[in-house]
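Numbering of residues begins at 1 and proceeds along the displayed sequence. First listed ligand is number 1; within each ligand, the first listed atom is number 1.
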Amino acid sequence: MDAIAAAQVLSEIGYLLRQNEQERFRAKAFAAAAWSMVISKPDLETLHKTNALTTIDGVGPGIAKVLTGLLETGQSSYLERLRSDMGQPARSDETELDLSQYQGDVHSHTNWSDGHATMLEMARGAHAIGYRYLGVTDHSPRITVVHGLGAERLLAQSLEMAEVQSQVEGVTLLQGIEVDILEDGALDLPDAVLELLDVVIASPHVKLRQEPAAMTERMLRAVSNPYVDVIGHPTGRRPGSRPGATYDFEAVFKEAARHKVALEIDCDPARMDLSPEMARLAFECGCSFTLDADAHGPEQLAYVPMGVWMARRAGIPQDRILNFLDVDELTAALE
Ligand SMILES: [Zn+2]
Ligand SMILES: [Zn+2]
C-alpha cells in the first residue's frame, strides 16, 4: 500500500473521530499524520519491515499500529469499527479515483486576502506537485477581517497574476473569487464583476444558523446566479466544533444540478464539507463536484489527496469531478 492510499485511511479515521468532541485531539493527530504522509510520501513497506513507521513525522505508536494493520491486511480494523459504530458501513459501489489524473485545484487563497503565501509561492507550489492549473480565489469585500477584494483590488490582482504567470510555466492561473453568499442569497459582488472572472466560488460563511426555510431560499438564490460556478464548503460546518447550515439539501442540490453549479468537497480536514452522505445525495441529484484544498498556503494543497476518500465513499465517478478535466475542458465547463 502506498503512502497516499494509507493517508486516505488515516484521514477518514480523523474525520470520524472529529465528530466526537472528546476525540478532537486524536482526530487532529490522525489528520496531521495523513498530511505529513501525503507531503513526504514515505516508503511504508520498507519502514514496516524495519520497524521504523514511527520515524514518519506525526506517527506515534498508536498510528503506527493502525498502519501496521493496514500494511499486513490491506484494511484497517480500527476504521471498520469506527464506521460501524457510526452507522456508516462500507458500501459496494464505492468508486476508484486515479489521483495521478487530477489536473488542478480551483479554490485557493493568497496574501491578497487571508492566505499566508504570495501568489507566486502558491503557483510554484502547484507546479511542484504537477498541477496544470490553479484557481486563485481570495475572499470578497464583506469578509473585512481578511481584507476581501472588491473590483479595484481584483483589477490590481489581475496585473500581478499576469506577472506571476510569466514566471511559472505549465500551470495556468485562473483568476477567481470566493464570493460571500449574503443573508438573502445575493452575492457580495455585482454580476458585472463576477462575469469577468475565470472561476466564481460562492460560499456561505456567516449567519449559518438561519432557520432552514430562509437558508433554503438563500442557497437557491445563490445557485441560480448565472456567474456562480461552484458552491464552496456547502454547509460551512466544522465537524466537532461548528454544526453548519441546515437547509433543504435535496432542493438546493437539484437546483445546482439544473444550473450546472458544482458542489465542492472541501478537503481541509477541519471542514471536510460536504459529508459522504450529503455528497452521495448531491451525486444522485445530478450534481458535479470539485475536490479542493481551499489552501491558504502551498503546503495545504496536499489536503486534496487526504480528502478524496469522501468522493470515493459517495460513489462519485471521475467524470463528475471538474478537477479531472484538462484546462481547456475546465474553462469550457466554467463558462
Ligand atoms: Zn470559505
Ligand atoms: Zn476558501
Side-chain angles (χ1 to χ4, degrees), residues 104-119 121-123 125-126 131 133-150 153-154 157 161 173-183 185-189 194 197-210 215 218-219 222-223 225 227-239 241-245 247 252 256 261-275 278 289-304 306-307 310 322-323 334:
D105 195 317
V106 300
H107 182 177
S108 73
H109 297 270
T110 70
N111 60 4
W112 278 85
S113 67
D114 62 347
H116 65 71
T118 63
M119 195 192 299
E121 288 165 334
M122 292 301 287
Y131 284 4
Y133 48 80
L134 179 70
V136 176
T137 53
D138 279 300
H139 288 285
S140 65
R142 209 260 290 262
I143 313 288
T144 47
V145 282
V146 303
H147 202 29
L149 280 71
R153 292 188 68 228
L154 276 165
Q157 191 193 38
M161 185 169 280
L173 297 175
L174 304 169
Q175 193 184 18
I177 191 83
E178 182 178 12
V179 64
D180 220 51
I181 302 174
L182 304 175
E183 279 93 312
L187 301 177
D188 189 28
L189 280 170
L194 300 179
L197 297 168
D198 299 319
V199 51
V200 174
I201 298 179
S203 303
H205 287 110
V206 296
K207 298 267 163 88
L208 298 174
R209 293 198 188 168
Q210 240 173 358
M215 192 73 204
R218 177 180 176 186
M219 297 303 289
V223 298
N225 178 294
Y227 303 107
V228 170
D229 301 307
V230 181
I231 298 295
H233 46 72
T235 76
R237 75 200 186 118
R238 288 180 178 265
S241 61
R242 190 171 74 198
Y247 47 91
V252 172
V261 170
L263 296 182
E264 178 186 60
I265 294 178
D266 188 312
C267 299
D268 179 336
R271 289 193 180 275
M272 284 312 302
D273 183 8
L274 301 163
S275 67
M278 287 176 65
F289 297 85
T290 65
L291 263 178
D292 297 326
D294 196 353
H296 288 64
E299 71 293 345
Q300 293 178 5
L301 291 168
Y303 288 160
V304 166
M306 290 170 61
M310 183 176 286
L322 300 184
N323 313 77
L334 294 178

For the Zn ion (ligand 2), find the closest N/O/S atom on Glu178 and give its atom name.
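Closest N, O or S atom of Glu178 to the Zn ion (ligand 2): OE1.
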For N/O/S atoms only: which one belongs to Asp294 and is nearest the Zn ion (ligand 2)?
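For Asp294, the N/O/S atom sitting closest to the Zn ion (ligand 2) is OD1.
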Ignoring hydrogens and angles, state whether a donor on the side chain of [X] or [Y] is under 3.5 Å from an acceptor on the partner side chain.
X      : Y      : value
Asp273 : Thr235 : yes
Gln300 : His116 : no
Gln157 : Gln175 : yes

Within the stated cut-off of 2.8 Å, is an N/O/S atom of Asp266 closer than that to the Zn ion (ligand 1)?
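Not a single backbone or side-chain N, O or S atom of Asp266 is under 2.8 Å from the Zn ion (ligand 1).
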His205, N/O/S atom nearest the Zn ion (ligand 1):
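Closest N, O or S atom of His205 to the Zn ion (ligand 1): NE2.
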Please determine whether side-chain contact (heavy atoms from CB on, under 4.5 Å) holds for the pair Tyr133 and Asp198, giving the CA-CA distance in whole Å, both sets of side-chain angles, and the decisive distance to 0.1 Å.
CA-CA 12 Å; Tyr133 48 80; Asp198 299 319; over 6 Å; no
Within 2.8 Å of the Zn ion (ligand 2), is there any N, O or S atom belonging to His139?
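Under 2.8 Å: His139 has no N, O or S contact with the Zn ion (ligand 2).
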Distance check below 2.8 Å: does His233 bring an N, O or S atom to the Zn ion (ligand 2)?
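False for His233.
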What angle, in degrees and rounded to 10°, do you get at the Zn ion (ligand 2) when you join it to NE2 of His107 and to NE2 of His109?
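Computed angle, vertex at the Zn ion (ligand 2), rounded to 10 degrees: 100°.
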Compute the ring centroids of His109 and His296, then answer whether they are less than 6.0 Å apart.
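Under 6.0 Å, so yes.
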What distance do Cys267 atom SG and Asp292 atom CG have between them, rounded to the nearest 0.5 Å?
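The CG atom of Asp292 is 7.0 Å from SG of Cys267, to the nearest 0.5 Å.
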